[in-house]
Number of protein chains: 2
Amino acid sequence: MTRSPKADTKGRKLSSFLCFAVYSANLAFGRAYKPILDAFGLTYTQYIAMIALSEADEQTVSALGEKLFLESNTLTPILKKLEQSGYISRTRDPADERQVRVSLTAAGRRLLDKEINASLVEATGLGDEFPIVQKSVVRLRDNLLHHTRGDAKKG
Amino acid sequence: MTRSPKADTKGRKLSSFLCFAVYSANLAFGRAYKPILDAFGLTYTQYIAMIALSEADEQTVSALGEKLFLESNTLTPILKKLEQSGYISRTRDPADERQVRVSLTAAGRRLLDKEINASLVEATGLGDEFPIVQKSVVRLRDNLLHHTRGDAKKG
DNA sequence: TCCGATTAGATCGGATACGATCTATATCCA
DNA sequence: TGGATATAGATCGTATCCGATCTAATCGGA
């Protein structure tokens, strides 16, 4: 890496800017979505958790955490709030009382399918580039995650 | 992943995935950097704040906040901690006592210039694509910010 | 079968984000 | 000049993130 000749200082700055670009893009997403989500009493993280829940019913907290890159310490309070709001259900698995099964309720699914919708895509202003940027960011994230765990599965 | 047949649902999902990709890439940056920053007693946000501070001396909290997309409610506690750590200085501007001027100390600058370095670039694993991804994410962020404030200044 | 190890969530404390509000200082202008 | 207004930070409450730890349930081996 650091393919630049004056690699040192320039490399550090570039790195800083990429990490900062992602950091601030994340803040920007939160702010762009907030007015829309506020109307439904959802926070940004709660909304993301519901998207993950929309992919399957009866997911465990751990399985959900793998999708979200979060653990029970973060998820448990969020899921409890979503349960209180009536958007999800939480029940202990009778077959293994250690596990909690989480699903969207009818109200939660209705919220995702109908009430919150296309306005969120437009906010990105990316047009045709949307899937390209998406792919790059996903790969960036995965590279970082592999680096973290010392896992050298590279492409 | 699990791309749905319906256009409506698909649009929502794509949007979700881009916001989620950024969200999780940000988490991934924090985790990849943590082991490195831990050694210097810095958090990820504190590190980013120091990068912004490295661009100029005697910045006000507001000016710093504009670069970081943060306000005094978030910055003040962070800057106080960095001051306690000895990496920055905070002083009221004699010409306008409302303003606080913030600068890196010698120790802070040394930390950025020498001690923390190229290892942070490698963690991204992006190689030559680094500047391209960076540019896309910056544009995404700016689009979102413009959308938030209803400002339609586009490129 | 019983006890240690493992697993799944939950709890706790520290550090962000952020809306709302507060204080102190500076400015405006009749 | 003096009170209304504006500005810059700071404080507070709520909601994430995350490391460390705890509890309860399950599993494994002698």
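Letters go in sequence order (proteins before strands), and every chain restarts at 1.
In this structure, the CG atom of Leu68(B) is 11 Å from the P atom of dC18(C), given to the nearest Å. Summarising the geometry, the separation between CG on Leu82(A) and C1' on dA15(D) is reported as 12 Å, rounded to the nearest angstrom. Taking atom CZ of Arg90(B) as the reference point, atom P of dA8(D) lies 16 Å away to the nearest angstrom. Taking atom CD on Gln59(A) and atom P on dA8(C), their separation rounds to 15 Å, with Å as the unit. When the P atom of dT7(C) is taken as reference, atom CD of Gln99(A) falls 12 Å away, rounded to whole Å. Between Ile48(B) atom CD1 and dT16(C) atom P the separation is 11 Å, expressed in whole Å.
Looking at residues two or more places apart in sequence or on another chain, you find a side-chain hydrogen bond (donor to acceptor under 3.5 Å, both in side chains) between Ser103(B) and Glu58(B). In this view, Glu97(A) satisfies the side-chain hydrogen bond (donor to acceptor under 3.5 Å, both in side chains) rule with no residue, not counting sequence neighbours. Shown here are the side-chain hydrogen bond (donor to acceptor under 3.5 Å, both in side chains) partners of Arg90(B), two or more places apart in sequence or in another chain: Glu83(B). The salt bridge (charged side-chain N to carboxylate O under 4.0 Å, His left out) test applied to Arg98(A) returns Asp96(A), not counting sequence neighbours. In this structure, Gln46(B) has no side-chain hydrogen bond (donor to acceptor under 3.5 Å, both in side chains) partners at least two apart in sequence or on a different chain.
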Please list each protein N or O that sits under 3.5 Å from an N or O in nucleotides 23-26 of chain D, with the distance.
unit_1	atom_1	unit_2	atom_2	d
dT26(D)	OP1	Glu97(A)	N	3.2

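Dashed line: the shortest gap from a side-chain N or O of Arg92(B) to OP1 or OP2 of dA26(C) is not under 4.0 Å. Distances shown here put every side-chain N or O of Lys80(B) at or beyond 4.0 Å from the OP1 or OP2 atom of dT16(C).
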For nucleotides 16-21 of chain D, 5' to 3', base contacts (B), sugar-phosphate-only contacts (S) and non-contacts (-) with protein non-hydrogen atoms under 4.0 Å give SBBBB-
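Judged by distance alone, with hydrogens and angles left aside, the side-chain atoms of Thr105(A) form a donor-acceptor pair with the main-chain N or O of Tyr87(A) at under 3.5 Å.
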Anything under 3.5 Å between a donor and an acceptor, one on a side chain of residues 64-73 of chain B, the other on a protein residue two or more places apart or in another chain? List them.
unit_1	atom_1	unit_2	atom_2	d
Lys67(B)	NZ	Glu55(B)	OE1	3.1
Lys67(B)	NZ	Gln59(B)	OE1	3.0

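As judged by a 4.0 angstrom heavy-atom cut-off over every strand, Arg101(B) is placed among residues making no nucleic acid contact.
Residues in residues 36-45 of chain A take part in these salt bridge (Lys or Arg N to Asp or Glu O under 4.0 Å) pairs, two or more places apart or across chains: Lys34(A)-Asp38(A).
Between Tyr44(A) and Phe29(A), the ring-plane angle classifies as parallel under the 30° and 60° cut-offs.
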